[in-house]
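All residue numbers in this chain count up from 1 along the given sequence.
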Amino acid sequence: MRKQALLLSSAVLCCMGAVAQTLPEGTTALLPAGVKANITQNKQFYAQKNLCVAGSPEKGYKAFFSATDADHGEELWVTDGTPAGTYMVKDIQPGLGTSDIQYLTRFNDKVVFSANDGENGYELWISDGTEAGTRMVKDIHEMDSSNPIGFCQMDENRFIFFATDFDSELEYDNPQKWLWISDGTEEGTKLVARVDCAFPGVEEADNRWGPVQRVGRKVFFKAEEADKTGKTSGIEIWVTDGTEAGTHIVKDINVEPNVNKAGSTLSSSPAHLINFYNEKLFFKAWSMDSGNEPWASDGTEEGTYEIFNTNTAVGDNGLGIGGGVTMVGEPYNGMIVFRSNSPTYGSELGFTTCEKGNYGCIDIFTYEPTNTHQSFPDCGVVFDNLYMFCAATGFDGAVESHRGGELHCFDGEKVWMQYDYAPGVGCDWVKEPLVVGGSLYWWNEGNIDGTTATDTKLHRLDKWDGVPTIVSNIDANGDKVYGLRNLAGDLLYTSAVNNQLYCYHYRQEGYDPTKNPDVMEPEYRTRAEIAAGEGSGVTEISDDENAPVEFFNLQGVKVNGNEPGLYIRRQGSKATKIIVK
């Protein structure tokens with residue numbers, strides 16, 4: 001049996017939990033005794049109780065979250081990755097009452113969120129991590145709560161969200177959430193369009209990226225017409241540029257008639273939205289002819305199309321059966337990689353360049369009959385210029401090729417197992433893969449360590465052909481790790497064992513920050529704009545044109561800037577510009 005490295009060399013003690021454990025070297029428990037983090041236990045970057053990193057290269061980065069202590073109830077907290085820098089930001093609802101922080105979302109170096117101060121109900125709030133800089137932006141529904149949700153930064157200075165105001169609650173038969181935009185000020189927070197925004201209830205649970213997606217400087221979202229007395233299209237993909245005129249449905253994809261409303265059509269059930277290099281939106285949608293298949297959109301009707309019909313079969317009802325799209329990973333090598341259901345191979349690895357007609361599928365679990373032996377690939381990330389993801393190759397110990405669920409590599413042409421981490425048919429179900437500080441991290445589901453403690457330990461991989469390492473030791477019965485986030489090269493995560501928040505600092509020997517860079521800033525440019533060296537949209541405002549030009553990486557460390565990559569260019573005290581060389 002292959003050995004698995006277990007890092008247990010530190011004498012740092014966990015300050016919370018039923019059983020005190022020695023934490024691995026580099027791991028720090030951040031919360032004081034008696035404080036419990038309240039973070040949603042799922043695999044998504046957007047969650048009702050989110051752990052959200054915000055900041056800038058100049059000001060540094062912090063993570064915002066909600067937590068509870070004995071004196072203040074559940075309130076907004078922040079951390080810079082150290083115990084001394086972890087504290088309650090503000091007692092928004094004074095005393096033991098809870099402000100119930102929801103949907104924390106980055107807005108440059110601040111976060112926006114929904115909170116209840118006990119007087120105005122759930123309204124739009126903003127915070128820079130200080131008590132003085134934490135305030136309600138606008139009381140949108142003066143008679144009740146506006147319950148803002150669906151936050152998404154649209155460009156360098158504005159974000160959109162969905163909220164209920166007095167009119168949207170009473171104008172139609174059922175209360176609605178309409179589209180709003182804000183620059184973080186009361187006067188800059190305005191209603192954009194009366195459109196019934198469907199969030200978050202129609203989103204599929206295995207979508208890691210969230211149901212509202214920015215592409216360039218536009219935002220795509222799911223909605224339907226506000227006025228249901230006229231012709232309606234069901235829930236479809238909409239787009240906005242922040243103006244009423246620039247807010248519209250991109251295409252009525254499902255033209256199946258709504259038998260209850262003449263002239264109207266049913267929903268295409270769009271899901272699994274992801275930004276494809278600021279050029280297009282990739283998503284799944286249902287149509288009468290094809291069923292559930294991959295689609296792409298540039299925000300126009302003519303530029304919204306089914307990419308490929310992966311299963312051309314038609315059911316007895318005359319409707320397309322569809323191959324389906326789930327477990328969508330981050331863009332890799334000019335492609336979107338996802339779990340596809342091929343009639344020939346079953347549920348296997350699909351990929352597309354998002355051009356019409358472009359589709360490929362690789363059969364990973366090839367044991368015959370291959371269409372009933374399926375690898376069910378999970379969503380992956382890019383690491384060491386490979387797409388890394390989890391897939392299964394069988395669970396029959398009598399069959400040599402069966403290796404359970406393990407981490408796999410995809411180079412755009414072929415797939416191979418990274419390492420038989422849980423030997424034989426044991427499973428290392430890789431969840432929440434995330435690249436931080438040049439290494440790949442995940443938590444597992446499955447028996448990988450030969451003991452009964454198999455419940456979601458934290459793992460690290462330093463290079464694609466290396467041996468994974470267990471780097472958590474919270475509880476003898478399983479660490480229940482979740483909520484992985486990148487804090488400028490350090491890993492944040494939490495544990496359901498004790499609701500503690502941890503920071504793990506590690507750099508592998510020979511760490512090269514350009515190989516797997518910690519990109520902390522949003523990118524608004526397309527691939528063509530990056531290749532042409534066009535600006536990122538961050539305005540350079542130099543107060544001294546004669547000052548020397550200096551380059552810094554995205555963590556604020558001065559570098560020579562000779563290698564290709566993302567840099568901050570500074571000239572004088574006010575000069576800042578993200579560039580690619």
Side-chain angles (χ1 to χ4, degrees), residues 44-47 50 52-56 103-113 124 126 148-163 177 179-184 188-190 192-193 195 197-200 203 207-223 236-244 246-250 270-284 295-300 303-304 328-331 336 354 379 485-486 519-530 534-538 554 566 578:
Q44 298 173 336
F45 287 115
Y46 190 98
N50 205 11
C52 179
V53 176
S56 70
Y103 296 108
L104 284 159
T105 304
R106 180 180 179 179
F107 178 48
N108 295 328
D109 58 353
K110 302 177 178 65
V111 288
V112 291
F113 54 97
L124 172 64
I126 193 168
I149 55 176
F151 304 103
C152 181
Q153 184 162 348
M154 188 180 73
D155 56 29
E156 290 82 355
N157 303 304
R158 300 177 298 171
F159 62 92
I160 64 99
F161 63 100
F162 314 134
K177 291 186 182 296
L179 177 65
W180 289 69
I181 194 167
S182 177
D183 62 2
T189 302
K190 302 174 182 178
V192 176
V195 52
C197 301
F199 174 93
E203 181 57 21
N207 180 4
R208 191 178 185 194
W209 313 104
V212 183
Q213 280 293 313
R214 176 186 61 82
V215 177
R217 293 180 178 84
K218 295 182 179 180
V219 174
F220 290 81
F221 58 99
K222 294 179 289 190
E236 296 286 356
I237 294 291
W238 288 59
V239 69
T240 184
D241 63 2
T243 69
E244 184 174 10
T247 302
H248 57 85
I249 184 174
V250 298
H272 304 291
L273 285 61
I274 191 168
N275 180 358
F276 183 69
Y277 297 109
N278 290 316
E279 299 163 5
K280 299 175 183 178
L281 177 77
F282 174 89
F283 62 102
K284 182 274 295 182
W295 282 69
S297 177
D298 64 1
T300 67
T304 302
V328 178
E330 66 183 30
I336 289 291
C354 289
C379 53
R485 297 292 187 270
N486 187 350
V519 180
M520 301 300 298
E521 293 304 295
E523 177 62 77
Y524 296 96
R525 298 168 298 171
T526 65
R527 289 174 291 179
E529 290 169 340
I530 292 173
E534 296 184 21
S536 67
V538 178
L554 296 185
L566 290 168
I578 299 175

Undergrad: Do Q44 side-chain atoms and G210 backbone N/O form a donor-acceptor pair below 3.5 Å?
TA: no
Undergrad: For N108 and S56, indicate whether the former's side chain and the latter's backbone hold a donor-acceptor pair under 3.5 Å.
TA: no
Undergrad: For the atom pair CG (L281) and CD (Q213), what is the distance rounded to the nearest 0.5 Å?
TA: 7.0 Å
Undergrad: Hey, are the side chains of T240 and V219 touching, using non-hydrogen atoms and a 4.5 Å cut-off?
TA: yes
Undergrad: Would you say that W209 contacts L273 through its side chain, given a criterion of any heavy-atom pair below 4.5 Å between the two side chains?
TA: no
Undergrad: To the closest 0.5 Å, what do you measure between NZ (K218) and OG1 (T247)?
TA: 10.0 Å
Undergrad: Show the nearest heavy-atom pair for residues K222 and A271, with the distance to one decimal.
TA: NZ-CA, 4.4 Å
Undergrad: Just verifying a value: how many Å separate R525 CZ and Y277 OH, rounded to the nearest 0.5 Å?
TA: 14.5 Å
Undergrad: State the OG-CZ distance between S297 and F276, to the nearest 0.5 angstrom.
TA: 13.5 Å
Undergrad: Could you walk me through whether I160 and V192 pass the side-chain contact (heavy atoms from CB on, under 4.5 Å) check?
TA: CA-CA 9 Å; I160 64 99; V192 176; 5.7 Å; no
Undergrad: Which atom names give the shortest non-hydrogen contact between E279 and R527, and what distance separates them?
TA: OE1-NH2, 2.7 Å
Undergrad: List the atom of A163, the atom of W180, and the distance in Å for their closest heavy-atom pair.
TA: O-NE1, 3.8 Å
Undergrad: List the atom of G184, the atom of F159, and the distance in Å for their closest heavy-atom pair.
TA: N-CE2, 3.9 Å
Undergrad: Would you say that I530 contacts E523 through its side chain, given a criterion of any heavy-atom pair below 4.5 Å between the two side chains?
TA: yes
Undergrad: Could you go through V53 and N486, starting from their C-alpha distance and side-chain angles, then the distance that decides it, and tell me whether this counts as side-chain contact (heavy atoms from CB on, under 4.5 Å)?
TA: CA-CA 8 Å; V53 176; N486 187 350; over 6 Å; no
Undergrad: Are there more than 12 heavy atoms of other residues, nucleotides or ligands under 6.0 Å from atom NZ of K284?
TA: yes
Undergrad: To check you understand the geometry: which heavy-atom pair defines the closest contact between F220 and I237, and what is its length?
TA: CD2-CG2, 3.7 Å
Undergrad: At what distance, to the nearest 0.5 angstrom, does OG1 of T304 lie from CG of D298?
TA: 6.0 Å
Undergrad: Where the side chain of R106 meets the backbone of G55, is there a donor-acceptor pair that is under 3.5 Å apart?
TA: yes
Undergrad: Does any N or O in the side chain of Y524 come within less than 3.5 Å of the main-chain N or O of D155, such that one atom is a donor and the other an acceptor?
TA: yes
Undergrad: Does atom CD of E244 have more than 12 heavy-atom neighbours from other groups under 6.0 Å away?
TA: no
Undergrad: For the pair N278 (side chain) and G216 (backbone), establish whether a donor and an acceptor sit closer than 3.5 Å, ignoring hydrogens and angles.
TA: yes
Undergrad: Between the side chain of Y46 and the main-chain N/O of T105, is any donor-acceptor distance below 3.5 Å?
TA: no
Undergrad: Looking only at heavy atoms, which two atoms of G329 and I274 are closest? And how far apart?
TA: O-CD1, 3.2 Å
Undergrad: Could you tell me the separation between the CD1 atom of I181 and the CG atom of D183, rounded to the nearest 0.5 Å?
TA: 8.5 Å
Undergrad: Donor-acceptor pair, N50 side chain versus F45 backbone, under 3.5 Å?
TA: yes
Undergrad: What do the steps show when you test F151 against L124 for side-chain contact (heavy atoms from CB on, under 4.5 Å), and what is the final call?
TA: CA-CA 10 Å; F151 304 103; L124 172 64; 3.5 Å; yes
Undergrad: Within a strict 4.5 Å, meaning less than it, do heavy atoms of the V112 and Q153 side chains meet?
TA: no
Undergrad: Quick check: does any side chain N or O of W238 sit under 3.5 Å from a backbone N or O of C197, one acting as donor and the other as acceptor?
TA: no
Undergrad: Verify ring-ring contact (aromatic ring centres under 6.0 Å, His included) between F221 and F162, making sure each step is shown before the conclusion.
TA: CA-CA 10 Å; F221 58 99; F162 314 134; 5.5 Å; yes
